[in-house]
Amino acid sequence: MVTDKIREIILDAIIKLGFASDAVSGIYDIPIETPKVREFGHYSSNVPFSLAASIKKPPYDIAVALAASIDMSMFEKVEPARPGFINFTLKPAALQDVIIEINDNKNSYGRSDYGNGRKVQVEFVSANPTGPLSVGHGRIAVYGDTVARLLDAAGFAVHKEFYVNDAGNQINNLASSVELRIRELLGEPVDPEQLGYKGEYLIAYAREILEENGQALLDKDEQERRAIIAESSISKMLADQANTLKHFGVEFDTWFRERELHKSGIVEKTLEIMKEKGLAYEEDGAHWFSSTDFEDEKDRVLKKSCGTPTYFLADIAYHRNKYERGFETIIDIWGADHHGYIERMKAAVGALGFDPASLEILIVQFVRFKNVKMSKRLGNIVTIDDLIDEVGADVARFFFLTRSRDSHLEFDLKLAGEKSEANPLFYLQYAHARIHSLIAKAEEKNLRPMFGSELSLLTDQRELQLMKQLADFPWEIQSAAKSREPVRIISYLSRLAGDFHAFYHDLRVISPEEPLMSGARLALSKATGSVLARGLDFLGVSAPESM
RNA sequence: GCGCUCAUAGCUCAGAUGGAUAGAGCAACGGACUUCUAAUCCGUAGGUCGCAGGUUCGAAUCCUGCUGAGCGCGCCA
């Protein structure tokens, strides 16, 4: 990775000059960025500012000293700049090597071992199994899935999990609603007001359950009847949700059932542990977690006076279980309505002796709607399935990923379906398709990508800029993974596609009278095509070969 | 009332631990195809980064207050 090489070179110079300190002791302490102004070079670092405090010299003087001590083998120019930057311009040869690197690592370019195989769990969506997934879940699904893909590329061992809340009142509600639908199918009068879940999707479940079990189902005693209906409804719901997510390009390693926590006794066990550690007390017949000792605003109930555990206790047990499974970093992705639970969850994890910093809870803001006809069938829900039907999975995924997770986005279904809104996606896909067709056309004239010494012919400003962009890919993946911001990949790919389009427009690729130049430019195009394809793959979006 | 999040071009949004002249797409305007995909390229115009203070060599970014928006504050899940 070019950026890491530059960091190493800077670090060597820092050590040589005796400037190393606590502030700067490893390569990842060295900031590096692409300057906004092209004249400043390919990369720049403001590390002199980081060093200024510890070695008590003006940043500019440090920049001058560093620039003079840099190993120049990769660079054409290394210049200090006021008030304290060092600007680097790579030699063309250093950029040309990137094409070879990409070609040699077609299926792995962009991957790094930054994560060093550390186990990370990403838990997301985790919708209740009581209805179809909404567009809000869709935003979370795409965000979580993409973060997981990026972490994987950055060298983490990633596990994707969907937590199924299949215990608690909402399940009783679900079962009784389905039972009412069954009775309705059998001709009994049903008061719609009694339906906890009014969505018509339950009618289909009721029909199937009736077919599977026969009318005898209703003769069983209530507890048994409800248990059958509940389990059956849940598994149908999970199958539907999984199917929806699959169409959306999102698949999980595990679907973790809350029920299992209760059945296996982990929930009770967790309460006992908390009591032993003096973290829980009894008052008014209920069990409380003294979370105020851990910066929560008030104590929370773990087990109600009626004897049933709260959702919160189950959640604590669940998180304990996550740590027991050996995850070093746990990422929970929640909707904005759950932000009030972050403090208490972290408090609980910390109280149990785990490092609260290892639990990252990321909030994804809600999606609001504009120009949407509310579906009577489902109440005020726009589902992921509706969205995919309307605009397709690619556009839908891309739409969510272009907004950072903090933005309170307004979803305009009308706009999303139009070309204008989707244009940035087509821009990327078009670049990929163009490259594919270019290479096919060259083949007809017996011209193929060449990865030898002819690459040194690539010295035009357009070519250098495109190669520089390709060189940045691994770094962009890594920083998007570190910051959990997939949106960066979109910005990056747009720049890459833009540089390719400009290159393509200004320079002739296929010219039989210049076979070496053609070969080199085809190699550059091919490298661009594979980086685009890999980038789009991280976003879960297709890279079409023709459009 | 308290808390979390957000406010950047007409619209939708980027903006790397605080760094150099705040960017892109769409919309508007003006150019570029008898030649590799014009779903493209080149250019013009568009900004008091919600408002007011503060921190410092430097603030869209950090802190405080205010305004506005979304969400949350139960022995619900």
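Predicted, not measured: the structure shown is a model, and the values here were computed from it. In the text below, chain A, chain B and the rest are named by the order of the sequence lines, each starting its count at 1.
Counting only distance, with no hydrogens or angles, the side chain of A:R405 and the backbone of A:I363 share a donor-acceptor pair below 3.5 Å.
In this structure, the side chains of A:Q478 and A:M1 come closer than 4.5 Å at one or more pairs of heavy atoms.
Aromatic stacking is marked for A:F85 over B:rA20, as both cut-offs hold: 5.5 Å for the centres and 30° for the planes.
Residue-to-nucleotide contacts include a donor-acceptor pair under 3.5 Å from the side chain of A:N87 to the base of B:rA20. One cannot find a donor-acceptor pair under 3.5 Å joining the base of B:rA16 and the side-chain atoms of A:Y492. With hydrogens and angles ignored, a donor-acceptor pair under 3.5 angstrom links the side chain of A:S44 to the base of B:rA20. Within 3.5 Å, no donor on the side chain of A:T310 pairs with an acceptor on the base of B:rC75, nor the reverse.
With sequence neighbours excluded, the residues forming a ring pair (Phe, Tyr, Trp, His ring centres under 6.0 Å) with A:Y163 are A:Y318, listed by chain and number. Applying the side-chain hydrogen bond (donor to acceptor under 3.5 Å, both in side chains) criterion to A:H338, with sequence neighbours excluded, gives no partner residue. Looking at residues two or more places apart in sequence or on another chain, you find no side-chain hydrogen bond (donor to acceptor under 3.5 Å, both in side chains) involving A:E272. With sequence neighbours excluded, the residues satisfying ring pair (Phe, Tyr, Trp, His ring centres under 6.0 Å) with A:F124 are A:F252. With sequence neighbours excluded, the residues that form a side-chain hydrogen bond (donor to acceptor under 3.5 Å, both in side chains) with A:R484 are A:E360. Not a single ring pair (Phe, Tyr, Trp, His ring centres under 6.0 Å) links A:Y43 to another residue, sequence neighbours left out. With sequence neighbours left out, A:H501 forms a ring pair (Phe, Tyr, Trp, His ring centres under 6.0 Å) with A:Y427, A:Y430.
Heavy atoms of A:K303 sit nowhere under 4.0 angstrom from any nucleic acid atom. Residue A:T34 is classed as a base contact, given a heavy-atom separation below 4.0 Å to a base. Counting non-hydrogen atoms under 4.0 angstrom, A:E443 reaches nothing in the nucleic acid.
Across B:rG74 and B:rG68, the matching C1' atoms stand 29 Å from one another, rounded to whole Å.
In this model, the phosphate group of B:rU17 is not approached by any side-chain N or O of A:K482 to a distance below 4.0 Å at OP1 or OP2. The shortest distance between the side-chain N/O atoms of A:Y341 and the OP1/OP2 oxygens of B:rC73 is below 4.0 Å. One finds a side-chain N or O of A:R462 lying less than 4.0 angstrom from the OP1 or OP2 phosphate oxygen of B:rC42.
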For nucleotides 67-71 of chain B, which of its nitrogen or oxygen atoms have a protein nitrogen or oxygen under 3.5 Å away, and what is each distance?
| residue | atom | partner | partner atom | Å |
| --- | --- | --- | --- | --- |
| B:rC71 | O2' | A:A336 | O | 3.2 |
| B:rC71 | O2 | A:H339 | NE2 | 2.7 |

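Note on A:K322 versus A:E123: salt bridge recorded, some NZ/NE/NH1/NH2 to OD/OE distance being below 4.0 Å.
Rounding to whole angstrom units, CD of residue A:E485 and C1' of B:rU61 are separated by 14 Å. Following rounding to the nearest Å, A:F49 (CZ) and B:rU17 (P) show an atom-to-atom distance of 16 Å. Separating the CZ atom of A:R344 from the P atom of B:rA77 is a distance of 12 Å, rounded to the nearest angstrom. Between A:M345 atom CE and B:rC4 atom C1' the separation is 18 Å, expressed in whole Å. The interatomic distance linking A:R484 (CZ) with B:rA16 (C1') rounds to 15 Å, in whole Å. In this structure, the CZ atom of A:R488 is 6 Å from the P atom of B:rU17, given to the nearest Å. The distance between atom CH2 of A:W334 and atom P of B:rC4, rounded to the nearest whole Å, is 16 Å.
Proximity note for A:R403 (side chain, C-beta onward) versus B:rU12, B:rU5, B:rC75: the nearest is B:rU12. Proximity note for A:S404 (side chain, C-beta onward) versus B:rC6, B:rA16, B:rA14: the nearest is B:rA14.
Take the nearest nucleotide of RNA chain B for A:E476 and for A:D284: the residue whose nucleotide is more 5' is A:E476. Taking the nucleotide of RNA chain B with the nearest heavy atom to each of A:E258 and A:R405, the more 5' of the two is matched to A:R405.
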Once base and sugar-phosphate atoms are separated, protein heavy atoms under 4.0 Å mark nucleotides 33-38 of chain B, 5' to 3', with B, S and - as --BBBS

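Remark: A:R344 qualifies as a cation-pi partner of A:Y341 under the 6.0 Å distance and 45° angle criteria applied to the six-membered ring.
A donor-acceptor contact closer than 3.5 angstrom links the side chains of A:T34 and A:K468. Neither side chain, A:D299 nor A:S290, offers a donor N or O lying under 3.5 Å from an acceptor on the other.
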Donor-acceptor pairs are to be reported for all side-chain atoms of residues 81-90 of chain A against protein atoms at under 3.5 Å, with residues two or more places apart or in another chain.
none

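Sorted by residue number, the members of residues 162-170 of chain A with any non-hydrogen atom under 4.0 Å from RNA chain B read A:A167, A:G168, A:N169, A:Q170.
Consecutive pairing runs in RNA chain B reach the stem threshold at B:1-7 with B:67-73, B:10-13 with B:23-26, B:28-32 with B:40-44, B:50-54 with B:62-66, where a stem means at least three Watson-Crick or G-U wobble pairs with distances under 3.5 Å.
Heavy-atom neighbours of A:K77 NZ from other residues, nucleotides or ligands within 6.0 Å: at or below the threshold of 12.
Taking the six-membered ring for Trp, A:F473 and A:Y492 have ring centres closer than 6.0 Å.
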